[in-house]
2 protein chains.
Amino acid sequence: MSKPGISDPQADPLHVLRRAEPDVRRQSLIAACTRVLAREGAAGTSVRVIAREARVSPGLITHYFSGIDALVAATYAEIDRTVAEAMDAAMAQAGDDPRARLDAFVTASFTPPIADRALLATWIAFWSLVTARADIARQHDDQYAGFRARLIDLLAACGVPQHRQRLAAIAVAALIDGLWLELCLSPGCFTGEEASRIARDHLDALIGPP
Amino acid sequence: MSKPGISDPQADPLHVLRRAEPDVRRQSLIAACTRVLAREGAAGTSVRVIAREARVSPGLITHYFSGIDALVAATYAEIDRTVAEAMDAAMAQAGDDPRARLDAFVTASFTPPIADRALLATWIAFWSLVTARADIARQHDDQYAGFRARLIDLLAACGVPQHRQRLAAIAVAALIDGLWLELCLSPGCFTGEEASRIARDHLDALIGPP
DNA sequence: TCTGTTATTGTACACTCGTGCAACGACTTT
DNA sequence: AAAGTCGTTGCACGAGTGTACAATAACAGA
């Protein structure tokens, strides 16, 4: 299965010296960074490796991004967007029933391409920047707030009273994150189906069975 | 408050050229690595920085560990031990009532020195090794299994029937981890007290109110 | 006091790292 | 067809990386 946002480098029409629209080139650098993070992990991700992956000279990365950290941050933002889209697609398939949409949201979290060791490598690379740089910490706060805001909408639609929505969303977000993290780190410990079941049981306790 | 396993380098009696018992020196290198990981993050942690922190020549690290990765792995194992001890201490203070012990376990997870951005940096450094090296992935599996085994004991003592213990432990572990992670990454989003309350509510739903 | 052991040092090696920058050349405009 | 723009290259630079290894010196036992 092809991963969202990860295109085949062989098919990349930019692999010979050729000018590209700035947006296109930017996007191709982000895509290359995604592939490298997934393949090599945070430690093996450098300007030169990414440049080779993108079939481009190392200098070009400095031309488009203020530094390697900025490229990783942009890559993370892109992945966040991709994941959100995958979630939306799963929910759209679930129809209009609020609880069915919530279940679809949860289940998608533990199914490829979201539950994916390669995605984890990107997340870890980003987290290590969060602990070191204030601007990236802010980006993380924003993105996570967006994640919780989606959950609040879903929970509200399921009838969770307003005064409990905030903590309920934090709880569900944490449960999903913890299960997702462990599912990626130790895939043999439990299955995605079991993770889904745990999360759905928690929702049952929170808002009553569907 | 002083962090567990982090000693004052000024008070280190090894700071002049002096032979040390292998175990003592090993331990002092691990302690130095812990401090560096906490202060500089995974990216800023190198043989030379650790050696300077330990007031020791860089060559000594290779003499005691097969490489920098082995030192980081040993540091992680040590931190895992330290955290487990802090948990045991919190539970011992809670007395004999099973549910009180479980609550103490949960609360300690969201209180310094366990909920600590510095600890997070070490965890992240270790996770990035997990995705890259099979032997370290095994170490992670073992340590996390130990964490879940403790939870199973606690849940069993609270009357959770055996056939539900495994998934219940996975659920509680994931919830604690997710809350802990977010508490460290975005300390402004919710408080340790709120995290405790969320976890205790989840336990109420799982095993009934105390 | 001398000797043997080995913890410890300091340095050298061969890399990789991120960034800066002059030169080149693909494409647009005139 | 000539000129201008700017995407792109390729390399140089200094700093940092992990590891290897001979030399040194602290300590134990004789």
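So that the names make sense, note that chain A is the first sequence line, chain B the second, and so on, each numbered from 1. As the structure is a computational prediction, the values presented were derived from the model and not from experiment. The figures here come from the full heavy-atom set of this structure, side chains too, leaving out hydrogens, waters and symmetry mates.
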key: Test salt bridge (charged side-chain N to carboxylate O under 4.0 Å, His left out) applied to A:Glu78 and A:Arg81, step by step   = CA-CA 5 Å; A:Glu78 175 66 22; A:Arg81 218 177 51 83; 3.1 Å; yes

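- When rounded to the nearest whole Å, the span between CD1 of A:Ile61 and P of C:dC21 equals 18 Å.
- The CG-P distance, from B:Leu60 to D:dC21, rounds to 17 Å in whole Å.
- Relative ring orientation between A:Trp123 and A:Tyr76 is described as perpendicular, the plane-to-plane angle rising above 60° on a 0-90° scale split at 30° and 60°.
- Enclosure of atom CZ in B:Arg138 is not indicated, since only 12 or fewer non-hydrogen atoms of other residues, nucleotides or ligands lie within 6.0 angstrom.
- Note that the CD atom of A:Gln139 and the CG atom of A:Leu129 stand 9.5 Å from one another [nearest 0.5 Å].
- Looking at A:Tyr144 and A:Asp80, their side chains never bring a donor and an acceptor atom within 3.5 Å of each other.
- With rounding to whole Å, B:Arg55 atom CZ is found 14 Å from C:dG10 atom P.
- Atom C1' of nucleotide C:dA26 and atom NE2 of A:His63 are separated by 14 Å, given to the nearest angstrom.
- Residue contacts shown for B:Phe65 are absent, as no nucleic acid heavy atom lies under 4.0 Å away.
- Note on B:Tyr64: every side-chain N or O is 4.0 Å or more away from OP1 and OP2 of C:dA7.
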remark   = In B/S/- notation (B base, S sugar-phosphate only, - none; protein heavy atoms under 4.0 Å), nucleotides 12-19 of chain D written 5' to 3' is B----BBB

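- As rounded to whole Å, 15 Å separates atom C1' of C:dC17 from atom CD of A:Glu40.
- The CZ-C1' distance, from A:Arg26 to D:dC6, rounds to 17 Å in whole Å.
- Heavy-atom contacts from other residues, nucleotides or ligands closer than 6.0 Å to CG of B:Asp135 number more than 12.
- Rounding to whole angstrom units, CZ of residue A:Arg25 and C1' of D:dT9 are separated by 11 Å.
- As rounded to whole Å, 12 Å separates atom P of C:dG18 from atom CZ of A:Arg52.
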